[in-house]
Structure formats: structure tokens, C-alpha cells
Amino acid sequence: MGRLFAVEIVYRGIFQKTLAKNISRGIVLAAHAEGKPGISFGRYGDSPERNGIPAKNFAIVGTDDVTLEEGMAKYEPTEVDISIAVDDTLCKGVESWAWYGLQPINRLLKPGGALIVTSREQPDALIAMCHRKEYPYRLAIVKGTPSFSGLWVYKDDHTDVRILGAVAKLLPDLVGLEAVQKVILAEWRDPLKATSAARAYERTTTTTVRPDQGNPEKPYQFELPKWWEMREGIAIPCIRPGQPMQDMDNHKTGGFRPERNPTFKKFTTRTMRPVVNFDTCIKCTLCWLQCPDSCFDVTPDGLYDANMEACCGCGVCEAVCPVTDCVTMVNEVAFHDNASQWEMWKKDKDAYQTWLNGKIEHRPERSHGFRYRGQYEEQTPEMLEIAREG
Ligand code: SF4
Ligand code: SF4
């Protein structure tokens, strides 16, 4: 039996769908150019047609047909040689629609495997975000901001080919740089992209991450009910005659009471989060009304506190808030927990203001994909400059 290679690309639904496909397809085509068969596919259980939802693409390559067929009998790899996170906020862990609970970004990595992250952060900052792993692995950073585009448009900022160059450097048995460049010229017909891949190849270095490094938290998980514990068919609970409507779980009465979902939290969909200036809030209720995920809790003093376990970072609250700079979307990388902002403000208003200003001022702005005509023409030159100069 020959050798089987597996690479996963973890990306954000819609914003990076084409990017992830380009990378996995590029790996398979480059391997094919070297005589190795492979297959590129998206994970069945994902729903990448939602803004920001974490989703996966895989590139599986064998040194021969039989090895590939044998590997694909498992359908989805249980371990990978390389994990690619094309947005650094995914390093905090991912909760996709394909599973329940939070999964570390490095979960499938083999011992000594490589995690490639697109980021402008330093290795220490990324390592602090990743959950600890029981054995060492390598971290490589492809410098740059996350490449977000839309469903029907693609931001051609060379992120795809730069990642291919990094893959060639980290796992030359899978694909060599020559094959990568050959495929880039055949597929994209752009010599500049082939040059960007070569530059990424030359610049890619790794940091070894030890088992005692990283986020020590245990990712939240819960027990799914067993099939024999489920009720038969679809049971719709009714109101008992003469009795008020009861909540099935807590047996409380008195109508609908909004609650947070204890098992599906959604916050890993977020690449930015809102921060609220409670001192300037006029309590107009618009953020509370318009938030598509009903994230805002009404506080005892009539303010609105976005629950960070439920917020998916869509930015609607910032858009609807009528007060200038009262709600500001900030890069998710700047935060290390989901603590209540209102509680922080209530405890020490001056300290909160300092915290707030620090978050707003010291983090680069991100953009959720395609928002206006001409946007990519404005954003792409910066990424091409990074591709050129490092
Ligand atoms: S960004 Fe604002 S509107 Fe969007 S989910 Fe979060 S709190 Fe709600
Ligand atoms: S929309 Fe702005 S001003 Fe209105 S309640 Fe929300 S945070 Fe306050």
C-alpha cells in the first residue's frame, strides 16, 4: 500500500467558499501533475451558504489509485497532514453545522503535522488561541488579512496561490513547487500568481507548538441522545386540558421566555464582534429589535448587552444604531473570552472606557465580503504588496 495524504481547509461560509475550493483543487491538480491521483471535496454535513459559518474542504491524495480508493472508503479523513485556516479567528475553535460542540482547529492534525494560518498576528498570539494538543505540531503563518469575498464574486488577492506555495514547502512529498506553479499557469494563466506562490514557498517557516502551549480550556461538548432514548415519530407536546402552557424542559408557565441555546452557541461564526459604548447609548431598542439572532439581553437599567455566546458577528447592530460610534465592530482576534460587556461597564465605567478605546483603536478593520462596487479594487493592492514584500 502506498502513502495517503490529507489536507483540510477550514474556511468561512460564503466569504471564503471559492478560496477554499481553489486551494483544495489546486493541491489535487498539482499532485496529479506529479502522477498522484487525488480528490477534492466539501464536507457533506456543512452548510457553507451562510455568512461566516465554519466549513471544510478536503484534498485527499494517494501515491496510487488503490491507496486513494482505500483512503476514500472512510469518506472523511479522521486525521490530516495539514490543516489550513484561512481566517485566523478560526483558531479559537469551530462549531459547524455538521457537528455539535466546539472542535479545536488542530483536532485532526497528525503528530508533527502543520497548521497553516492566514494572519497578521505573531505565532504567540495564534498559539494562545489554539486549544492544546497532546503532541507537538507545526504552525506556519501566511501573512495577510483574511480574504473575504461574496457568493458570486471573488477577491483575487493571491491568497489561494500563496497557500499552495506554503503547502509545497511544508509537505513536498505531497506536491512540489514546480507542479504548483505549473498548475497555476495552466489554471489561472497569470505568471504573477506563480511568482506569489514561489515567494510564499521561500518565506514559509514553522514554529513548533508543544503540548504545554495553547489554550488549556476544554472545548464545550455535550452528550447527544442515543437513538433508543429518542421518542418515536414526531411528538408535539400539547397543553393539558385546563392547564397553562408549560415549557417542556423547565416546566415554567407564562408564555415564551427567550433563552440561550445551551448546545448550539454559534459564536465561532464570528470574525468580528460588536463593542458597545454604554455611556452614549440612548436606549432606542433598535439593536435589540434588529439583531437577527436575538442576542441582546435587556439589562436592569434598560441598556442592551450583546450576548457573546450567541452573537454571530453579522454587524447589523452597528449598522442600525443611530448614535455615532456607539456600536463598533472589532476584529475577533482582539478578544479572549465571551464575558458580558455590560457587567464590565457596570463594575468600573472608567476602566471599561479604556478597554473599549483600546479595542477600537488598536485593531485593523475587517470587512464581511463584497459590500460595494469597487471595494476589492481598494483592498486587493495591500494584499498584493504583502505577497510581494512579505
Ligand atoms: S453582530 Fe450584532 S446584530 Fe449581529 S448577531 Fe451580533 S449582536 Fe446580533
Ligand atoms: S441601537 Fe445603539 S443607541 Fe440604540 S439601544 Fe442599541 S446600542 Fe443603544
Side-chain angles (χ1 to χ4, degrees), residues 12-16 47-55 87-90 92-97 102 146 148 150-151 220 256-347 349 352-353 355-357 359-360 363-372:
R12 296 213 172 270
I14 292 192
F15 302 146
Q16 298 181 311
S47 182
E49 274 75 26
R50 189 187 166 189
N51 282 345
I53 194 89
D87 172 16
D88 52 9
T89 58
L90 291 162
K92 293 184 173 190
V94 288
E95 183 188 25
S96 118
W97 282 8
L102 185 75
F148 288 170
L151 195 56
Y220 68 84
F256 172 71
R257 288 157 199 258
E259 265 187 289
R260 300 293 158 211
N261 188 324
T263 48
F264 183 48
K265 298 182 188 290
K266 301 193 302 270
F267 64 81
T268 65
T269 299
R270 189 170 66 220
T271 187
M272 294 188 281
R273 76 165 66 179
V275 287
V276 180
N277 188 343
F278 297 103
D279 289 324
T280 58
C281 170
I282 57 170
K283 305 181 181 177
C284 72
T285 77
L286 281 177
C287 54
W288 174 75
L289 271 172
Q290 299 290 337
C291 172
D293 289 79
S294 301
C295 292
F296 283 91
D297 294 321
V298 186
T299 68
D301 42 12
L303 292 160
Y304 297 90
D305 186 24
N307 185 303
M308 284 302 126
E309 292 229 313
C311 168
C312 65
C314 68
V316 166
C317 50
E318 182 193 50
V320 299
C321 180
V323 180
T324 308
D325 297 335
C326 181
V327 180
T328 309
M329 298 302 289
V330 174
N331 186 344
E332 178 63 22
V333 170
F335 304 90
H336 303 291
D337 59 34
N338 287 325
S340 159
Q341 293 173 21
W342 176 77
E343 282 174 15
M344 215 192 307
W345 174 77
K346 199 76 183 156
K347 201 166 142 199
K349 295 190 173 64
Y352 181 78
Q353 206 59 46
W355 176 88
L356 188 68
N357 292 339
K359 295 298 180 201
I360 292 169
R363 288 290 149 183
E365 198 186 335
R366 306 182 143 205
S367 170
H368 274 168
F370 188 70
R371 300 296 273 266
Y372 55 89

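Computed from heavy atoms alone, side chains included, the values below leave out hydrogens, waters and symmetry copies. These numbers were taken from a predicted model, which means no experiment stands behind them. Counting starts at 1 for both ligands and their atoms, following the listed order.
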Side-chain touch [X]/[Y], heavy atoms, less than 4.5 angstrom:
| X | Y | answer |
| --- | --- | --- |
| L90 | P54 | yes |
| T89 | R270 | no |
| E95 | Y220 | yes |
| D301 | W342 | yes |
| Y352 | D279 | no |

List every atom of ligand 2 that sits less than 4.0 Å from any heavy atom of T285, numbering the atoms from 1 in the order shown and giving each element.
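Selected atoms, number and element: 4 (Fe), 5 (S).
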Need the ligand 2 atom indices (1-based, order shown) with element for anything under 4.0 Å from a heavy-atom of Y304.
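Under 4.0 Å from Y304, ligand 2 has these atoms: 5 (S).
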Output every pair passing side chain to side chain donor-acceptor pair (under 3.5 Å) with a member in residues 309-327, not counting sequence neighbours, ordered by first then second residue.
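Qualifying pairs: K265-E309.
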Identify the residue among C321, C317, C326 that makes a side chain to side chain contact (heavy atoms under 4.5 Å, CB included) with C287.
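Among C321, C317, C326, the one that satisfies the side chain to side chain contact (heavy atoms under 4.5 Å, CB included) with C287 is C317.
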Nearest neighbour in protein (non-hydrogen) for [atom]:
| atom | value |
| --- | --- |
| atom 8 (Fe) of ligand 2 | C281 SG, 2.3 Å |
| atom 2 (Fe) of ligand 2 | C321 SG, 2.4 Å |
| atom 4 (Fe) of ligand 2 | C284 SG, 2.3 Å |
| atom 5 (S) of ligand 1 | C312 N, 3.5 Å |
| atom 3 (S) of ligand 2 | I282 N, 3.5 Å |

When you check the side-chain N and O atoms of R50 and T269, is any donor under 3.5 Å from an acceptor?
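Side chains of R50 and T269: no pair found under 3.5 Å.
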With no hydrogens and no angle check, just 3.5 Å: does a side-chain donor-acceptor pair link D305 and S340?
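Side-chain D/A pair, D305 to S340: present.
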Taking 2.8 Å as the distance threshold, tell me the number of protein N/O/S atoms next to atom 2 (Fe) of ligand 1.
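My tally for this metal is 1.
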Going by the angle between their ring planes, with limits at 30° and 60°, are Y304 and W288 parallel, tilted or perpendicular?
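Answer is tilted, since the angle falls between 30° and 60°.
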What atoms of ligand 1 come closer than 4.0 angstrom to any heavy atom of P292?
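Result: 3 (S).
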Ligand 2 contacted by V320 (non-hydrogen, < 4.0 Å):
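No, V320 has no heavy atoms under 4.0 Å from ligand 2.
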